[in-house]
Undergrad: 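Let me begin by handing over the structure; questions about it come next.
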2 protein chains.
Amino acid sequence: MSGDLREHAGAPTLEDVARVAGVSRATVSRVVNGVRNVDPGIQEAVRRAVVATGYAPNRAARALVTRRAGTIALVVSGVDGGCAGHDGPDAFAARVFADPFFGRVVAGVVGFLRPRATHPVLMFAETPAEREQVLGYLRQGSADGALIVSAHGEDPLPALVAAAGLPAVLFARPARPVPLSHVDLAHADGGRLAAEHLVARGCRRAATITGPLDVPAGQDRLSGFRDAMARRGQPYVPIVEGRFTQRSGEEAMARLLAEHPDVDGVFVGNDVMARGACQVLGEHGRRIPDDVAVVGFDDSAAATSGRLGLTTVRQPVEDMAAEMARLLQEHIETPERPVTSVVFAPELVVRESA
Amino acid sequence: MSGDLREHAGAPTLEDVARVAGVSRATVSRVVNGVRNVDPGIQEAVRRAVVATGYAPNRAARALVTRRAGTIALVVSGVDGGCAGHDGPDAFAARVFADPFFGRVVAGVVGFLRPRATHPVLMFAETPAEREQVLGYLRQGSADGALIVSAHGEDPLPALVAAAGLPAVLFARPARPVPLSHVDLAHADGGRLAAEHLVARGCRRAATITGPLDVPAGQDRLSGFRDAMARRGQPYVPIVEGRFTQRSGEEAMARLLAEHPDVDGVFVGNDVMARGACQVLGEHGRRIPDDVAVVGFDDSAAATSGRLGLTTVRQPVEDMAAEMARLLQEHIETPERPVTSVVFAPELVVRESA
DNA sequence: TTGAAAGCGCTAACAT
DNA sequence: ATGTTAGCGCTTTCAA
């Protein structure tokens with residue numbers, strides 16, 4: 001091999017590769033970026049020079065001229081003092097990932113981004129200051145756009161991002177309209193699916209443990225369930241509101257059992273709470289599904305992790321997250337692309353619990 | 001307000017601010033970066049101009065000249081076909097976050113980084129191709145360094161990163177030595193703590209459900225437990241190996257019960273498995289802790305999410321993750337900084353289960 | 001204390 | 001098909 005591949009300290013640059021290959025920087029750039037109109041022979045020479053020098057394009061330099069960071073932000077946004085208190089410095093992040101839901105979102109996003117050699121920057125925004133930080137980050141051009149997952153319908157971040165004219169896509173429809181694309185699930189249909197299944201297996205005194213009712217998803221699942229039950233002759237459905245945590249599912253079930261000991265079916269707002277409910281039912285000597293049938297929501301890891309497989313309404317979170325990333329990519333590449341919403345259909349997954 | 005603040009399309013630049021403030025780019029840069037030796041009056045004028053123009057420094061430009069991306073990578077690394085099969089496109093990510101452990105790592109890292117206006121780029125590396133991608137990403141200068149959390153002791157990524165001369169810090173000691181700093185827990189001490197507690201409450205026939213034994217942490221917890229038990233007159237301890245999942249905890253407990261029906265105490269390798277074990281114990285009519293005492297490991301959300309609080313060995317994951325980030329920062333700022341390892345002490349947290 | 005000017009490494013016209 | 005050149009927006013000597 002030739003001798004003076006590296007005459008200066010830093011990482012090899014386009015210039016270095018060009019010198020070794022005996023061509024101009026522009027040609028190397030073309031080869032590296034896969035632009036055609038380059039002589040195959042030269043292409044080969046350049047490729048060899050790239051390997052010889054150990055060249056890797058400098059991202060900052062590229063971003064500077066292309067005006068693309070080649071990065072997107074994945075923002076998990078909540079509202080200060082949401083459900084649990086504001087414990088440690090970043091208990092929020094830990095709390096967020098306590099639900100398998102967010103792991104699936106990450107999986108879906110990463111699955112879409114990875115083939116494109118892109119990786120998400122993870123951000124949490126719970127306080128106004130943190131929201132400002134997210135905004136600043138985006139405005140610096142550190143990321144080309146944002147994928148926003150709000151823990152609450154009233155989250156102010158989407159509106160701020162939209163107002164700043166930054167590309168963004170939301171997971172779930174915001175409580176009040178925002179000119180941003182979003183993906184969502186037909187939650188009401190999910191509730192209906194659960195109701196039909198419960199009725200079909202003979203439940204006559206079904207109840208429901210809902211998610212937080214200030215989250216549109218929680219509301220929609222409830223109303224879908226309630227409407228379908230009413231249509232099937234059960235206009236009154238006992239309701240207890242939970243917080244999507246296992247603990248809250250336990251408490252809700254205990255209360256339900258105390259107030260309605262004859263309950264024979266429960267539709268629970270998510271799988272994590274459903275697990276808690278099952279636990280309490282077991283402790284109270286109720287057999288599942290014979291005495292009480294339980295239908296969860298999400299089809300998350302919680303649905304299959306226990307002994308008893310949970311019958312549940314599947315939410316294709318990974319697909320939804322991937323679609324969210326795809327939409328964002330489109331908005332970034334085509335700023336004038338109109339805002340849209342993509343709504344996925346839920347699906348009943350029957351296992352042992354109902 | 002004055003008129004021609006924006007004469008060209010793009011985002012405002014230093015130049016724009018300088019024009020509005022009536023000073024040079026250099027001065028604006030100084031003010032923005034908090035360099036002293038700037039006349040207070042001018043400082044004020046610049047600050048006003050920044051607000052007036054809505055200026056935000058362009059990160060790519062800054063990174064290009066400072067040779068700092070101002071970003072770090074948080075890499076979760078596994079080995080292809082680890083425990084569960086290679087299901088969906090990115091089941092790995094979902095699987096990873098199914099354990100509350102990683103959420104806590106994220107929380108700790110974010111907690112440290114946020115005040116420094118930095119956010120982690122999340123990457124998963126399970127296959128050789130994915131490891132190459134991580135390496136490429138780092139070599140491009142897209143991130144200044146990496147925080148690596150390996151799911152297996154034999155993970156090849158740390159060695160690759162070290163060989164490339166890239167700043168990185170590991171969570172947990174690698175199976176074979178690598179010239180990289182790491183943080184870790186004194187796992188053996190944790191096992192000892194569990195043993196002492198079990199013996200102290202009168203357990204005479206304790207058993208253990210371990211984590212995967214190809215993970216150093218799993219091994220160390222076991223040997224610490226076993227040694228301490230032996231020293232206290234119980235040289236033989238029944239062992240079943242689990243995979244850190246709730247399901248595997250259930251299976252392990254069922255087996256333990258079948259083979260050693262008289263077991264009166266169990267040390268379980270992590271809280272998630274411990275939950276599974278408790279579940280099975282309950283189903284088999286064993287009261288906890290009276291018939292069988294259960295000690296978990298981690299003190300994760302799983303320890304407090306159920307009805308019965310889990311007695312467990314606390315691993316201060318958030319603190320460890322924050323320390324990892326701090327070490328990385330030092331390595332980035334001081335490349336010649338010698339490699340170190342910071343070992344945290346476990347702590348027994350007594351709740352109801354033992 | 002402030003300004004002028006030289007790049008950082010890359011892409012994209014434009015010229016050849 | 002290839003090379004030349006002009007910046008992208010910023011920091012940072014070096015002069016003044």
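On a predicted model such as this, the values are computed, not experimentally measured, just so you know. Heavy-atom basis, side chains included; hydrogens, waters and symmetry copies ignored. Here is how names work: the chains are called A, B, and so on, in the same order as the sequence lines, proteins then strands, and each is numbered from 1.
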Undergrad: Quick one: Arg25(B) CZ to dT11(D) P, roughly how many Å, whole number?
TA: 10 Å
Undergrad: Based on the rotation axes of five pairs at each end, what angle does the helix from dT1(C)-dA16(D) to dT16(C)-dA1(D) bend through, to 10°?
TA: 40°
Undergrad: With sequence neighbours excluded, tell me which residues meet side-chain hydrogen bond (donor to acceptor under 3.5 Å, both in side chains) with Glu132(A).
TA: none
Undergrad: Strictly below 4.0 Å, N to O, side chains only: are Glu126(B) and Arg131(B) in salt-bridge contact?
TA: no
Undergrad: For the base of dG9(C), is there a side-chain donor-acceptor partner from Arg67(B) under 3.5 Å away?
TA: no
Undergrad: Roughly how many Å is it from CG in Leu14(A) to C1' in dC10(C), rounded to a whole number?
TA: 7 Å
Undergrad: Rounded to whole angstrom units, what separation is found between the CG atom of Asn58(A) and the P atom of dC8(D)?
TA: 18 Å
Undergrad: What is the separation between atom CD on Glu15(B) and atom P on dA5(C), rounded to the nearest whole Å?
TA: 13 Å
Undergrad: Parallel, tilted or perpendicular: which fits the ring planes of Phe97(A) and Phe102(A), with parallel below 30° and perpendicular above 60°?
TA: perpendicular
Undergrad: Ignoring hydrogens and angles, tell me if any N or O in the side chain of Glu130(B) forms a donor-acceptor pair with the backbone of Thr127(B) under 3.5 Å.
TA: yes
Undergrad: On a plain distance test, is the side chain of Arg59(A) in donor-acceptor contact with the base of dG9(C) below 3.5 Å?
TA: no
Undergrad: What residues, two or more places apart in sequence or in another chain, satisfy ring-ring contact (aromatic ring centres under 6.0 Å, His included) together with His182(A)?
TA: none
Undergrad: Can you check the Arg62(B) CZ to dG9(C) C1' distance for me, whole Å?
TA: 18 Å
Undergrad: Reading DNA chain D from 5' onward, which residue's closest nucleotide shows up sooner: Arg30(B) or Leu64(B)?
TA: Leu64(B)
Undergrad: With respect to the phosphate group of dT11(D), does any side-chain polar atom (N or O) of Asn33(B) fall under 4.0 Å of OP1 or OP2?
TA: yes
Undergrad: Inspect the contact between Glu15(B) and Arg19(B) and indicate whether a charged nitrogen and a carboxylate oxygen are less than 4.0 angstrom apart.
TA: no
Undergrad: Given dT11(D), is OP1 or OP2 found less than 4.0 Å from the side-chain N or O atoms of Ser29(B)?
TA: yes
Undergrad: Can you list the residues that meet the side-chain contact (heavy atoms from CB on, under 4.5 Å) rule with Ala21(B), with sequence neighbours excluded?
TA: Val23(B), Val46(B), Ala49(B)
Undergrad: Any sub-3.5 Å donor-acceptor pair from Thr334(B)'s side-chain atoms to His331(B)'s backbone N or O?
TA: no
Undergrad: Among residues 37-46 of chain A, which residues get a heavy atom nearer than 4.0 Å to DNA chain D?
TA: Asn37(A), Val38(A), Asp39(A), Ile42(A)
Undergrad: Who passes ring-ring contact (aromatic ring centres under 6.0 Å, His included) against Tyr137(B), sequence neighbours left out?
TA: His119(A)
Undergrad: Is any side-chain N or O of Ser24(A) closer than 4.0 Å to OP1 or OP2 of dT4(D)?
TA: no
